[in-house]
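Presented below is the structure to which this report refers.
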Amino acid sequence: MARPRVLSGVQPTGALHLGNWLGAIRNWVGLQDSHDTFFCVVDLHAITVPHDPARLAEDTLTTAALYLACGIDPQRSTVFVQSHVAAHSELCWLLNCVTPLNWLERMIQFKEKAVKQGDNVSAGLLDYPVLMAADILLYDADLVPVGEDQKQHLELARDIAQQRINSRFGSEEAPLLRVPEPLILQDGARVMSLTDGRSKMSKSDPNEGSRITLLDPPELVTRKIKRAKTDPTMGLEFGNPERPEADNLLGLYAVLSGLGREAATAQCASMGWGTFKPLLAETVVEALRPVQERYRDLRSDPSQLQQVLELGRERAEAVASTTLQRLRDALGFYPRS
Ligand code: AQP
(Lines give C-alpha, C1' and ligand atoms only; values in the text may rest on other atoms or scores of the structure.)
Protein backbone atom coordinates (compact mmCIF):
# COMPACT_ATOMS: atom_id res chain seq x y z
CA MET A 1 0.00 0.00 0.00
CA ALA A 2 1.28 3.49 -0.84
CA ARG A 3 2.51 5.44 2.15
CA PRO A 4 0.64 8.69 2.85
CA ARG A 5 2.42 11.63 1.29
CA VAL A 6 3.55 14.56 3.43
CA LEU A 7 4.78 17.94 2.23
CA SER A 8 6.33 20.75 4.22
CA GLY A 9 8.90 23.52 3.97
CA VAL A 10 10.64 26.41 5.69
CA GLN A 11 11.29 29.86 4.22
CA PRO A 12 14.93 30.82 3.73
CA THR A 13 14.33 34.14 5.49
CA GLY A 14 17.37 33.84 7.76
CA ALA A 15 19.15 31.39 9.99
CA LEU A 16 16.87 28.62 11.23
CA HIS A 17 16.27 28.67 14.95
CA LEU A 18 15.29 26.27 17.71
CA GLY A 19 11.59 26.86 16.92
CA ASN A 20 11.99 25.78 13.30
CA TRP A 21 13.91 22.70 14.47
CA LEU A 22 11.76 21.56 17.38
CA GLY A 23 8.44 22.70 15.92
CA ALA A 24 8.98 21.45 12.38
CA ILE A 25 12.14 19.75 11.10
CA ARG A 26 12.63 17.38 14.04
CA ASN A 27 9.11 16.05 13.46
CA TRP A 28 9.72 15.62 9.74
CA VAL A 29 12.70 13.38 10.52
CA GLY A 30 10.44 10.95 12.36
CA LEU A 31 8.01 10.72 9.43
CA GLN A 32 10.52 9.51 6.88
CA ASP A 33 10.04 5.76 7.44
CA SER A 34 6.28 5.77 7.57
CA HIS A 35 5.43 8.45 4.99
CA ASP A 36 6.37 9.53 1.47
CA THR A 37 8.04 12.78 2.44
CA PHE A 38 8.63 15.93 0.34
CA PHE A 39 10.51 18.81 1.96
CA CYS A 40 11.20 22.02 0.09
CA VAL A 41 12.97 25.26 0.81
CA VAL A 42 10.19 27.73 0.05
CA ASP A 43 12.22 30.54 -1.49
CA LEU A 44 9.28 31.97 -3.46
CA HIS A 45 7.53 32.58 -0.15
CA ALA A 46 10.63 34.31 1.20
CA ILE A 47 10.25 37.20 -1.27
CA THR A 48 6.71 38.08 -0.14
CA VAL A 49 8.38 40.46 2.33
CA PRO A 50 11.31 42.72 1.37
CA HIS A 51 14.42 40.58 0.90
CA ASP A 52 18.11 40.98 0.15
CA PRO A 53 18.98 39.45 -3.25
CA ALA A 54 22.59 39.07 -2.14
CA ARG A 55 21.46 36.68 0.62
CA LEU A 56 18.66 34.63 -0.93
CA ALA A 57 20.76 31.94 -2.64
CA GLU A 58 23.06 31.54 0.35
CA ASP A 59 20.13 31.33 2.79
CA THR A 60 18.48 28.76 0.51
CA LEU A 61 21.59 26.55 0.58
CA THR A 62 21.99 27.01 4.33
CA THR A 63 18.38 25.97 4.89
CA ALA A 64 18.72 22.89 2.68
CA ALA A 65 21.99 21.91 4.39
CA LEU A 66 20.33 22.31 7.79
CA TYR A 67 17.48 20.01 6.75
CA LEU A 68 20.08 17.31 6.06
CA ALA A 69 22.15 18.14 9.14
CA CYS A 70 19.02 17.75 11.30
CA GLY A 71 18.44 14.26 9.90
CA ILE A 72 16.46 14.59 6.68
CA ASP A 73 17.76 11.78 4.51
CA PRO A 74 17.70 12.53 0.76
CA GLN A 75 17.47 8.79 0.04
CA ARG A 76 14.16 8.60 1.88
CA SER A 77 12.84 12.11 1.31
CA THR A 78 12.56 14.39 -1.70
CA VAL A 79 14.46 17.55 -0.79
CA PHE A 80 14.23 20.44 -3.22
CA VAL A 81 14.08 24.19 -3.78
CA GLN A 82 10.59 25.50 -4.52
CA SER A 83 11.64 27.93 -7.28
CA HIS A 84 13.43 25.11 -9.14
CA VAL A 85 10.04 23.61 -9.95
CA ALA A 86 8.24 26.18 -12.10
CA ALA A 87 4.92 24.37 -11.66
CA HIS A 88 4.53 26.04 -8.23
CA SER A 89 4.19 29.46 -9.84
CA GLU A 90 1.94 28.26 -12.65
CA LEU A 91 -0.44 26.39 -10.38
CA CYS A 92 -0.50 29.40 -8.07
CA TRP A 93 -1.75 31.51 -10.98
CA LEU A 94 -4.44 29.01 -11.92
CA LEU A 95 -5.61 28.89 -8.29
CA ASN A 96 -5.46 32.68 -7.98
CA CYS A 97 -8.05 33.00 -10.69
CA VAL A 98 -10.62 30.94 -8.76
CA THR A 99 -9.85 32.15 -5.23
CA PRO A 100 -12.15 34.92 -3.91
CA LEU A 101 -10.24 37.98 -2.78
CA ASN A 102 -12.10 38.12 0.52
CA TRP A 103 -10.87 34.63 1.44
CA LEU A 104 -7.35 36.05 1.39
CA GLU A 105 -8.15 39.34 3.10
CA ARG A 106 -9.32 37.53 6.21
CA MET A 107 -6.09 35.56 6.71
CA ILE A 108 -4.69 36.44 10.13
CA GLN A 109 -1.04 36.12 9.10
CA PHE A 110 -1.61 38.56 6.24
CA LYS A 111 -3.18 41.08 8.55
CA GLU A 112 -0.34 40.74 11.06
CA LYS A 113 2.48 40.93 8.52
CA ALA A 114 0.78 43.68 6.46
CA VAL A 115 0.76 45.97 9.49
CA LYS A 116 4.56 45.68 9.64
CA GLN A 117 4.91 46.55 5.92
CA GLY A 118 2.80 49.73 6.01
CA ASP A 119 2.19 51.14 2.52
CA ASN A 120 4.65 48.76 0.93
CA VAL A 121 2.65 45.61 1.42
CA SER A 122 2.94 43.50 -1.75
CA ALA A 123 0.28 41.57 -3.63
CA GLY A 124 2.60 38.59 -3.05
CA LEU A 125 2.05 38.78 0.70
CA LEU A 126 -1.71 38.66 0.21
CA ASP A 127 -1.23 35.77 -2.18
CA TYR A 128 1.09 33.79 0.14
CA PRO A 129 -1.60 31.27 1.13
CA VAL A 130 -2.51 30.56 -2.51
CA LEU A 131 1.12 29.79 -3.28
CA MET A 132 1.15 27.56 -0.21
CA ALA A 133 -1.99 25.83 -1.52
CA ALA A 134 -0.22 25.28 -4.84
CA ASP A 135 2.80 23.79 -3.05
CA ILE A 136 0.62 21.28 -1.26
CA LEU A 137 -1.84 20.46 -4.02
CA LEU A 138 0.83 19.94 -6.69
CA TYR A 139 2.12 16.88 -4.86
CA ASP A 140 -1.24 15.31 -4.02
CA ALA A 141 -0.16 15.57 -0.40
CA ASP A 142 -2.33 13.56 1.99
CA LEU A 143 -1.02 15.28 5.08
CA VAL A 144 0.53 18.61 5.94
CA PRO A 145 2.22 19.10 9.32
CA VAL A 146 0.81 22.34 10.65
CA GLY A 147 1.34 24.42 13.72
CA GLU A 148 -1.39 26.63 15.12
CA ASP A 149 -0.25 29.56 12.94
CA GLN A 150 -0.65 27.67 9.66
CA LYS A 151 -4.00 25.98 10.33
CA GLN A 152 -5.98 28.73 8.64
CA HIS A 153 -3.80 28.49 5.51
CA LEU A 154 -4.30 24.74 5.26
CA GLU A 155 -8.05 25.21 5.61
CA LEU A 156 -7.87 27.66 2.70
CA ALA A 157 -5.94 25.12 0.58
CA ARG A 158 -8.65 22.55 1.34
CA ASP A 159 -11.42 24.99 0.37
CA ILE A 160 -9.70 25.95 -2.88
CA ALA A 161 -9.17 22.30 -3.82
CA GLN A 162 -12.67 21.17 -2.90
CA GLN A 163 -14.97 24.10 -3.58
CA ARG A 164 -13.16 25.95 -6.35
CA ILE A 165 -11.47 23.19 -8.36
CA ASN A 166 -12.90 19.73 -7.70
CA SER A 167 -16.55 20.70 -7.56
CA ARG A 168 -16.36 23.12 -10.50
CA PHE A 169 -14.01 21.37 -12.89
CA GLY A 170 -13.82 17.76 -11.72
CA SER A 171 -16.30 15.08 -10.82
CA GLU A 172 -17.08 13.28 -7.61
CA GLU A 173 -15.63 10.03 -8.94
CA ALA A 174 -12.45 11.64 -10.24
CA PRO A 175 -11.43 14.64 -8.09
CA LEU A 176 -8.76 16.74 -9.76
CA LEU A 177 -6.91 17.64 -6.58
CA ARG A 178 -6.39 15.65 -3.42
CA VAL A 179 -7.82 17.48 -0.41
CA PRO A 180 -5.09 17.42 2.25
CA GLU A 181 -5.60 16.78 5.95
CA PRO A 182 -3.68 18.53 8.73
CA LEU A 183 -1.11 16.43 10.52
CA ILE A 184 -1.26 17.58 14.10
CA LEU A 185 1.88 16.39 15.79
CA GLN A 186 1.68 15.39 19.44
CA ASP A 187 5.11 16.74 20.00
CA GLY A 188 4.62 20.00 18.10
CA ALA A 189 6.65 22.16 20.45
CA ARG A 190 6.05 25.90 20.15
CA VAL A 191 9.22 27.71 21.11
CA MET A 192 8.86 31.23 22.39
CA SER A 193 11.18 34.22 22.17
CA LEU A 194 14.00 34.45 24.73
CA THR A 195 13.17 38.09 25.31
CA ASP A 196 9.39 37.73 25.56
CA GLY A 197 7.84 34.42 26.57
CA ARG A 198 4.50 35.46 25.08
CA SER A 199 5.62 35.83 21.46
CA LYS A 200 7.02 33.05 19.30
CA MET A 201 10.68 32.71 18.44
CA SER A 202 10.95 34.07 14.91
CA LYS A 203 13.60 34.62 12.23
CA SER A 204 12.28 38.08 11.51
CA ASP A 205 12.43 39.42 15.08
CA PRO A 206 14.84 42.37 14.82
CA ASN A 207 16.35 41.42 18.19
CA GLU A 208 18.86 38.60 17.54
CA GLY A 209 18.97 37.91 21.26
CA SER A 210 15.37 36.66 21.01
CA ARG A 211 16.36 33.46 19.22
CA ILE A 212 19.01 30.76 19.23
CA THR A 213 19.90 29.77 15.70
CA LEU A 214 21.06 26.28 14.83
CA LEU A 215 24.44 27.69 13.81
CA ASP A 216 25.11 29.85 16.87
CA PRO A 217 28.53 29.02 18.35
CA PRO A 218 28.56 27.78 21.99
CA GLU A 219 29.66 31.16 23.46
CA LEU A 220 26.80 32.93 21.73
CA VAL A 221 24.25 30.34 22.88
CA THR A 222 25.50 30.75 26.44
CA ARG A 223 25.38 34.54 26.21
CA LYS A 224 21.85 34.59 24.79
CA ILE A 225 20.57 32.24 27.48
CA LYS A 226 22.31 34.26 30.19
CA ARG A 227 20.51 37.37 28.98
CA ALA A 228 17.16 35.66 28.41
CA LYS A 229 14.22 37.23 30.23
CA THR A 230 13.44 35.70 33.61
CA ASP A 231 11.16 36.48 36.55
CA PRO A 232 11.79 36.94 40.27
CA THR A 233 10.30 33.55 41.24
CA MET A 234 12.50 30.67 42.39
CA GLY A 235 12.05 27.27 40.71
CA LEU A 236 11.08 26.28 37.17
CA GLU A 237 7.56 25.14 36.34
CA PHE A 238 5.18 24.45 33.48
CA GLY A 239 1.74 25.89 32.93
CA ASN A 240 1.82 29.01 35.11
CA PRO A 241 0.29 31.75 32.90
CA GLU A 242 2.14 34.37 34.93
CA ARG A 243 5.49 32.76 34.06
CA PRO A 244 5.70 32.23 30.27
CA GLU A 245 9.51 32.45 30.32
CA ALA A 246 9.81 29.65 32.88
CA ASP A 247 7.45 27.51 30.83
CA ASN A 248 9.39 28.15 27.63
CA LEU A 249 12.90 27.59 28.97
CA LEU A 250 11.91 24.52 30.97
CA GLY A 251 10.23 23.20 27.82
CA LEU A 252 13.46 23.64 25.88
CA TYR A 253 15.38 21.85 28.61
CA ALA A 254 12.86 18.97 28.74
CA VAL A 255 13.07 18.37 24.99
CA LEU A 256 16.77 18.92 24.38
CA SER A 257 17.97 17.00 27.43
CA GLY A 258 15.74 14.09 26.41
CA LEU A 259 14.37 13.96 29.96
CA GLY A 260 10.79 14.85 29.05
CA ARG A 261 8.52 17.20 30.95
CA GLU A 262 7.97 15.17 34.10
CA ALA A 263 11.62 14.41 34.85
CA ALA A 264 12.69 17.94 33.89
CA THR A 265 10.09 19.40 36.28
CA ALA A 266 11.26 17.11 39.08
CA GLN A 267 14.87 18.15 38.54
CA CYS A 268 14.26 21.90 38.23
CA ALA A 269 11.27 22.55 40.50
CA SER A 270 13.32 24.22 43.18
CA MET A 271 16.29 25.33 41.09
CA GLY A 272 17.14 29.04 40.95
CA TRP A 273 17.65 30.77 37.61
CA GLY A 274 21.36 31.13 38.36
CA THR A 275 21.75 27.34 38.40
CA PHE A 276 19.24 26.60 35.69
CA LYS A 277 20.56 28.89 32.98
CA PRO A 278 24.08 27.38 32.74
CA LEU A 279 22.49 23.91 32.74
CA LEU A 280 20.17 24.90 29.90
CA ALA A 281 23.03 26.54 27.98
CA GLU A 282 25.15 23.38 28.21
CA THR A 283 22.20 21.25 27.12
CA VAL A 284 21.47 23.44 24.09
CA VAL A 285 25.14 23.53 23.08
CA GLU A 286 25.37 19.71 23.29
CA ALA A 287 22.15 19.23 21.33
CA LEU A 288 23.37 21.55 18.57
CA ARG A 289 26.88 20.11 18.39
CA PRO A 290 26.12 17.12 16.07
CA VAL A 291 23.87 19.28 13.86
CA GLN A 292 26.63 21.87 13.48
CA GLU A 293 29.24 19.19 12.73
CA ARG A 294 27.12 17.60 10.01
CA TYR A 295 26.32 21.06 8.64
CA ARG A 296 30.01 21.95 8.35
CA ASP A 297 30.72 18.66 6.53
CA LEU A 298 27.92 19.30 4.08
CA ARG A 299 29.00 22.84 3.34
CA SER A 300 32.61 21.78 2.83
CA ASP A 301 31.57 19.81 -0.26
CA PRO A 302 29.21 22.00 -2.34
CA SER A 303 28.80 19.35 -5.04
CA GLN A 304 27.14 16.93 -2.61
CA LEU A 305 24.40 19.40 -1.69
CA GLN A 306 23.96 20.40 -5.33
CA GLN A 307 23.43 16.74 -6.26
CA VAL A 308 20.84 16.29 -3.53
CA LEU A 309 18.90 19.33 -4.72
CA GLU A 310 19.13 18.28 -8.35
CA LEU A 311 17.84 14.80 -7.58
CA GLY A 312 15.09 16.36 -5.47
CA ARG A 313 14.13 18.70 -8.28
CA GLU A 314 13.84 15.80 -10.73
CA ARG A 315 11.65 13.76 -8.40
CA ALA A 316 9.51 16.74 -7.47
CA GLU A 317 9.08 17.85 -11.07
CA ALA A 318 7.91 14.41 -12.15
CA VAL A 319 5.01 14.56 -9.68
CA ALA A 320 4.27 18.27 -10.08
CA SER A 321 4.12 18.25 -13.88
CA THR A 322 1.50 15.47 -13.85
CA THR A 323 -0.78 17.40 -11.50
CA LEU A 324 -0.32 20.63 -13.41
CA GLN A 325 -1.18 18.96 -16.72
CA ARG A 326 -4.33 17.52 -15.17
CA LEU A 327 -5.35 21.06 -14.17
CA ARG A 328 -4.46 22.64 -17.50
CA ASP A 329 -6.61 20.02 -19.28
CA ALA A 330 -9.53 20.42 -16.89
CA LEU A 331 -9.47 24.23 -17.21
CA GLY A 332 -9.58 23.90 -20.98
CA PHE A 333 -6.21 25.23 -22.11
CA TYR A 334 -5.16 24.56 -25.72
CA PRO A 335 -2.67 21.70 -25.35
CA ARG A 336 0.98 22.13 -26.26
CA SER A 337 2.09 19.75 -28.98
N1 AQP B 1 8.80 29.53 17.39
C2 AQP B 1 8.41 28.44 16.76
N3 AQP B 1 8.06 27.33 17.46
C4 AQP B 1 7.67 26.22 16.81
N5 AQP B 1 7.62 26.10 15.48
C6 AQP B 1 7.97 27.16 14.74
N7 AQP B 1 8.04 27.37 13.40
C8 AQP B 1 8.47 28.62 13.17
N9 AQP B 1 8.68 29.25 14.34
C10 AQP B 1 8.38 28.37 15.33
C11 AQP B 1 7.70 26.38 12.40
O12 AQP B 1 8.74 26.34 11.44
C13 AQP B 1 8.17 26.05 10.16
C14 AQP B 1 8.67 26.95 9.11
O15 AQP B 1 8.48 28.28 9.38
P16 AQP B 1 8.68 29.36 8.23
O17 AQP B 1 10.09 29.76 8.13
O18 AQP B 1 8.09 28.91 6.94
O19 AQP B 1 7.82 30.55 8.68
P20 AQP B 1 7.42 31.06 10.07
O21 AQP B 1 6.50 30.10 10.75
O22 AQP B 1 6.90 32.42 9.83
O23 AQP B 1 8.81 31.06 10.86
P24 AQP B 1 9.57 32.31 11.41
O25 AQP B 1 10.82 31.86 12.04
O26 AQP B 1 8.65 33.13 12.27
O27 AQP B 1 9.94 33.07 10.08
P28 AQP B 1 9.67 34.55 9.66
O29 AQP B 1 10.14 35.37 10.82
O30 AQP B 1 10.50 34.71 8.44
O31 AQP B 1 8.20 34.71 9.40
C32 AQP B 1 6.65 26.09 10.31
O33 AQP B 1 6.19 24.74 10.38
C34 AQP B 1 6.46 26.78 11.62
O35 AQP B 1 5.26 26.35 12.28
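Indexing begins at 1, ligand by ligand and atom by atom, following the structure's order. As a basis for the values below, the full set of heavy atoms in this structure was taken, side chains included, without hydrogen atoms, waters or symmetry mates. Bear in mind that the values here come from a model prediction, so they are computed numbers and not experimental data.
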K113, portion touching ligand 1 at heavy-atom distance under 4.0 Å: side chain
If you draw the axis of the six-membered ring of F80, does the NZ or CZ of R315 fall within 45° of it and under 6.0 Å from the ring centre? no
Gap separating the OG1 atom of T62 from the CG atom of L16, nearest 0.5 angstrom: 8.5 Å
Quick one: do R5 and D142 make a salt bridge, cutoff under 4.0 Å? no
Between D140 and R326, is the closest basic N to carboxylate O distance under 4.0 Å? yes
Nearest neighbour of atom 33 (O) of ligand 1 from the list S204, A15, A24, on a heavy-atom basis: A24
Here the atoms of ligand 1 under 4.0 Å from any heavy atom belonging to V191 are 1 (N), 2 (C), 3 (N), 4 (C)
Evaluate D205 for polar contact with ligand 1, using N/O atom pairs at a separation under 3.5 Å. no
Any ion pair linking D33 and R76 (charged N to carboxylate O, less than 4.0 Å)? yes
Could you say whether the N/O atoms of R190 and ligand 1 ever approach to under 3.5 Å? no
Compute the ring centroids of H88 and Y139, then answer whether they are less than 6.0 Å apart. yes
Check the side chains of N96 and D127 for a donor-acceptor pair under 3.5 angstrom, ignoring hydrogens and angles. yes
Side chain or backbone of V10 under 4.0 Å from ligand 1, or both, or neither, by non-hydrogen atoms? both
With I165, which of D159, L137, V98 fulfils side-chain contact (heavy atoms from CB on, under 4.5 Å)? V98
Please list, in number order, the atoms of ligand 1 under 4.0 Å from a heavy atom of T13. 30 (O)
Please report whether ligand 1 has a polar contact with V42, defined as an N or O pair separated by less than 3.5 Å (distance criterion only). no
For ligand 1, is there an N or O atom under 3.5 Å from any N or O atom of G23? no
Close approach, H17 and ligand 1, non-hydrogen under 4.0 angstrom: yes
Heavy atom under 4.0 Å from ligand 1: found in H45's side chain, backbone, both, or neither? neither
